Amino acid sequence: MSLGPKSFAPFLATALVVWPIMAYIGAQGFTGSVGVAALIGLAYVRVRRVEIYAAAGLAFATWVVISTFWAPEAQGFLTGDLLEGSFSLDIPGVRFGLTALAGLGVLVAVGLTRPGGADLSLKVILAAAIVQFIGVIVTALFMPQILEAMAPRSDPVTEMPQNLMRNANAFALLLPFLLAWIWFRGEAEYWPFVSIAVGVLAVGAFAQTGTQTALTGAAFMLICMGIVKLMPKNGFKLIFTSLAFYVVAAPALVGWGVTQLRLAGLPLPKSFFSRTHSWELVGTKIGQAPIIGHGPEASHTWRDTFGDHPAWLDDAAARYGDAYAWEVYPVIPIHPHNMPLQVWAETGMVGALLAAAFLFLVGWRLKPPTQWSPIARYGGAGLVGVCVAITSFAYSMWNEAFWASVILAAAIILLQARHDGPVKE
């Protein structure tokens with residue numbers, strides 16, 4: 001017996017049921033969820049042709065895998081022992097490529113959903129989003145008590161606060177869908193006010209939790225939603241074309257932005273101040289291998305501290321004191337915390353141009369916003385805005401768990417669009 005295409009929707013809903021749990025424990029489980037969903041999706045996917053934007057995305061992923069071979073920390077593809085539970089795939093380019101391929105399979109499978117064929121699945125997904133929203137609010141209200149309760153199992157100073165911030169960032173990916181669904185819930189006039197209240201509470205929780213990335217994501221979410229509102233024909237084209245330009249021009253744009261911040265003399269949080277110098281050092285590294293880059297996760301080997309740059313150290317000590325702590329603090333803490341710059345530094349101009357081509361082609365392939373249902377239209381635009389913030393200030397480009405969460409969030413939007421069916425302009 002063959003299953004209908006709409007049958008994949010329950011599997012996506014099942015993956016979302018565990019989203020709040022995965023997000024709360026640090027988001028690492030999202031990769032497995034996408035992998036399992038992709039394997040199930042093979043039963044539904046029948047590839048008849050490869051769209052040009054998909055070809056560009058696969059070309060970028062392939063280049064990432066190729067560039068792994070000249071990365072300074074390249075090791076064997078497989079390490080550890082499966083029987084001992086230490087087995088792992090330690091090549092970041094390969095992990096990223098496999099996640100991209102699995103994500104493409106999930107999105108293709110979701111894209112086969114028939115109009116009206118996912119009502120129950122979307123309700124389950126919505127319930128999962130509401131559960132995580134409640135969890136984020138509770139975390140913000142009782143953060144000291146939570147840290148104290150988890151202290152025996154997780155470091156209450158570094159590890160657990162980071163997990164709580166990752167939890168907030170993960171919820172930020174679901175926030176656009178949740179707000180759009182509530183806003184367009186029905187014809188009653190009070191639903192938009194409920195949506196606004198949820199948004200305000202979420203922003204307050206982000207601030208209380210201390211995740212500046214999620215706060216910035218909320219702002220970018222509203223900007224992208226505003227673009228599709230003001231540009232109902234070409235909103236998606238503008239958004240994705242701008243992102244493609246951002247990737248291509250990242251070294252110049254970020255360098256210019258850092259210069260303007262310093263000239264303005266604005267007080268900056270310590271973390272953001274340190275990142276401005278991190279981006280400056282990454283710019284230098286880009287110039288050393290501008291065409292092919294240094295290889296994925298090469299930034300792990302860049303060990304400069306502020307003590308190696310006396311002028312930066314003096315500036316940090318003058319602003320914040322504690323000169324010794326700054327002297328030994330790494331300028332690039334593990335990775336640049338800006339994905340477009342990291343793409344340039346580690347995969348070079350080739351990688352940057354392929355990534356930009358993918359974004360550009362996606363923007364011009366998508367149907368105009370007016371042909372998407374309101375929930376999918378604004379939810380999708382808002383999701384892009386949140387991703388812009390996270391990719392600009394948070395995770396490593398090769399954090400496959402983050403990209404897996406983005407894939408699942410995008411699959412929700414696509415499922416909603418397919419469920420609602422095409423909208424006549």
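For this chain, numbers begin at 1 and follow the sequence in order. None of these values were measured; they are calculated from a predicted model.
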- Task: List for me each residue that meets salt bridge (charged side-chain N to carboxylate O under 4.0 Å, His left out) alongside K270, sequence neighbours excluded, and say none if there are none.
- Result: none
- Reported CG-to-OG1 distance for the pair N399 and T391, which is rounded to 0.5 angstrom: 12.5 Å
- Item | side-chain hydrogen bond (donor to acceptor under 3.5 Å, both in side chains) partners of T14, counting only residues at least two apart | none
- Query: So F96 and F60, would you call those rings parallel, tilted or perpendicular, with 30° and 60° as cut-offs?
  - Reply: perpendicular
- Message: Any heavy-atom pair between the side chains of P336 and Q342 that's under 4.5 Å?
- Response: yes
- Query: For T139, what residues pass the side-chain hydrogen bond (donor to acceptor under 3.5 Å, both in side chains) criterion, not counting sequence neighbours?
  - Reply: none
- Can you list the steps and then say if H294 with Q288 is a side-chain contact (heavy atoms from CB on, under 4.5 Å)? CA-CA 9 Å; H294 296 271; Q288 295 173 359; 3.8 Å; yes
- Query: Considering residues, nucleotides and ligands other than L261, do more than 12 of their heavy atoms fall under 6.0 Å from its CG?
  - Reply: yes
- Roughly how far, to the nearest 0.5 Å, is CG of L101 from OG1 of T62? 9.0 Å
- Task: Could you go through the side-chain contact (heavy atoms from CB on, under 4.5 Å) check for V350 and I291 one step at a time?
- Result: CA-CA 6 Å; V350 175; I291 305 301; 4.2 Å; yes
- Message: Per the salt bridge (charged side-chain N to carboxylate O under 4.0 Å, His left out) rule, what does the pair list look like for residues 259-269, sequence neighbours excluded?
- Response: R262-E280
- Message: Could you measure the distance from the OG1 atom of T276 to the CG atom of L268? Nearest 0.5 Å is fine.
- Response: 6.5 Å
- Message: For a side-chain contact (heavy atoms from CB on, under 4.5 Å) check, start with the C-alpha distance between L243 and V247, then their side-chain angles and the critical distance, and finish with the verdict.
- Response: CA-CA 6 Å; L243 290 180; V247 172; 5.7 Å; no
- Item | Pairs flagged by ring pair (Phe, Tyr, Trp, His ring centres under 6.0 Å) wherever residues 355-376 is involved - sequence neighbours left out | F236-W372, F360-W364
- Message: Working to the nearest 0.5 angstrom, can you tell me the gap between H300 NE2 and R303 CZ?
- Response: 8.5 Å
- Note on the structure: On a heavy-atom basis, the closest approach of A202 and I137 is N-CD1, 4.4 Å
- Backbone of K237 reached by a side-chain donor or acceptor of N234 within 3.5 Å: no
- Item | Nearest-0.5 Å distance, CG of residue L178 to CG of residue L173 | 13.0 Å
- Euclidean distance, I223 CD1 relative to M221 CE, rounded to 0.5 Å: 10.5 Å
- Query: Under a 4.5 Å cut-off applied to non-hydrogen side-chain atoms, are L12 and S121 in contact?
  - Reply: no
- Message: Any heavy-atom pair between the side chains of L359 and T241 that's under 4.5 Å?
- Response: no
- Would you check if the side chain of Q208 reaches a backbone N or O of L141 as a donor-acceptor pair within less than 3.5 Å? no
- Query: Is any side-chain heavy atom of V64 less than 4.5 Å from a side-chain heavy atom of P296?
  - Reply: yes
- Query: Can the ring centres of Y378 and F177 be said to be less than 6.0 Å apart?
  - Reply: no
- Message: Would you say that F206 contacts L175 through its side chain, given a criterion of any heavy-atom pair below 4.5 Å between the two side chains?
- Response: yes
- Query: Applying ring pair (Phe, Tyr, Trp, His ring centres under 6.0 Å), which residue pairs with at least one partner in residues 314-353 are found, sequence neighbours left out?
  - Reply: F273-Y320, F273-W326, F306-W326, Y320-W326, W326-Y329, H335-H337
- Query: Are K123 and L126 close enough that some pair of their side-chain heavy atoms sits under 4.5 Å apart?
  - Reply: no
- Task: Please check if any side-chain donor atom of S392 sits under 3.5 Å from a side-chain acceptor atom of Y246, or the reverse.
- Result: yes
- Task: Verify the ring-centre separation between F272 and W279: is it less than 6.0 angstrom?
- Result: yes
- Item | Atom of L179, atom of G199 and distance for their closest heavy-atom approach | CD2-N, 3.6 Å
- Closest approach of P368 to K233 (non-hydrogen atoms, all atoms of both residues): CB-O, 3.4 Å
- Are W398 and E297 linked by a side-chain donor-acceptor pair shorter than 3.5 Å? no
- Looking only at heavy atoms, what is the nearest atom pair of A352 and T347, with distance? N-OG1, 4.2 Å
- Residue pairs passing the salt bridge (charged side-chain N to carboxylate O under 4.0 Å, His left out) test with at least one member in residues 310-328, sequence neighbours excluded, are D315-R319
- Item | Heavy atoms from other residues, nucleotides or ligands near CD1 of I334 exceed 12 (cutoff 6.0 Å) | no
- Tightest non-hydrogen contact, residues I182 and S195, listed as CG2-N, 3.6 Å
- For the student: nearest non-hydrogen atoms of T99 and I407, plus distance: O-CD1, 3.7 Å
- For residues 370-392, pull every pair meeting salt bridge (charged side-chain N to carboxylate O under 4.0 Å, His left out), keeping only residues two or more places apart or in separate chains. none
- Query: Under the ring-ring contact (aromatic ring centres under 6.0 Å, His included) test, which residues partner W312, sequence neighbours left out?
  - Reply: H277, H309
- Item | For A249, side-chain contact (heavy atoms from CB on, under 4.5 Å) partners two or more places apart | F245, L253
- Item | Where at least one partner belongs to residues 401-419, residue pairs that pass side chain to side chain donor-acceptor pair (under 3.5 Å), sequence neighbours excluded | Q416-D420
- Assess the pair W70 and W63: is the distance between their ring centroids shorter than 6.0 Å? yes
- Note on the structure: Those residues at least two apart in sequence (or on a different chain) that pass side-chain hydrogen bond (donor to acceptor under 3.5 Å, both in side chains) with T211 are N169
- Do L174 and Q132 have side-chain heavy atoms sitting under 4.5 Å apart? yes
- Task: Check step by step if side-chain contact (heavy atoms from CB on, under 4.5 Å) holds for F402 and V406.
- Result: CA-CA 6 Å; F402 163 70; V406 172; 3.4 Å; yes
- Item | D304 side chain reached by I332 side chain, heavy atoms, under 4.5 Å | no
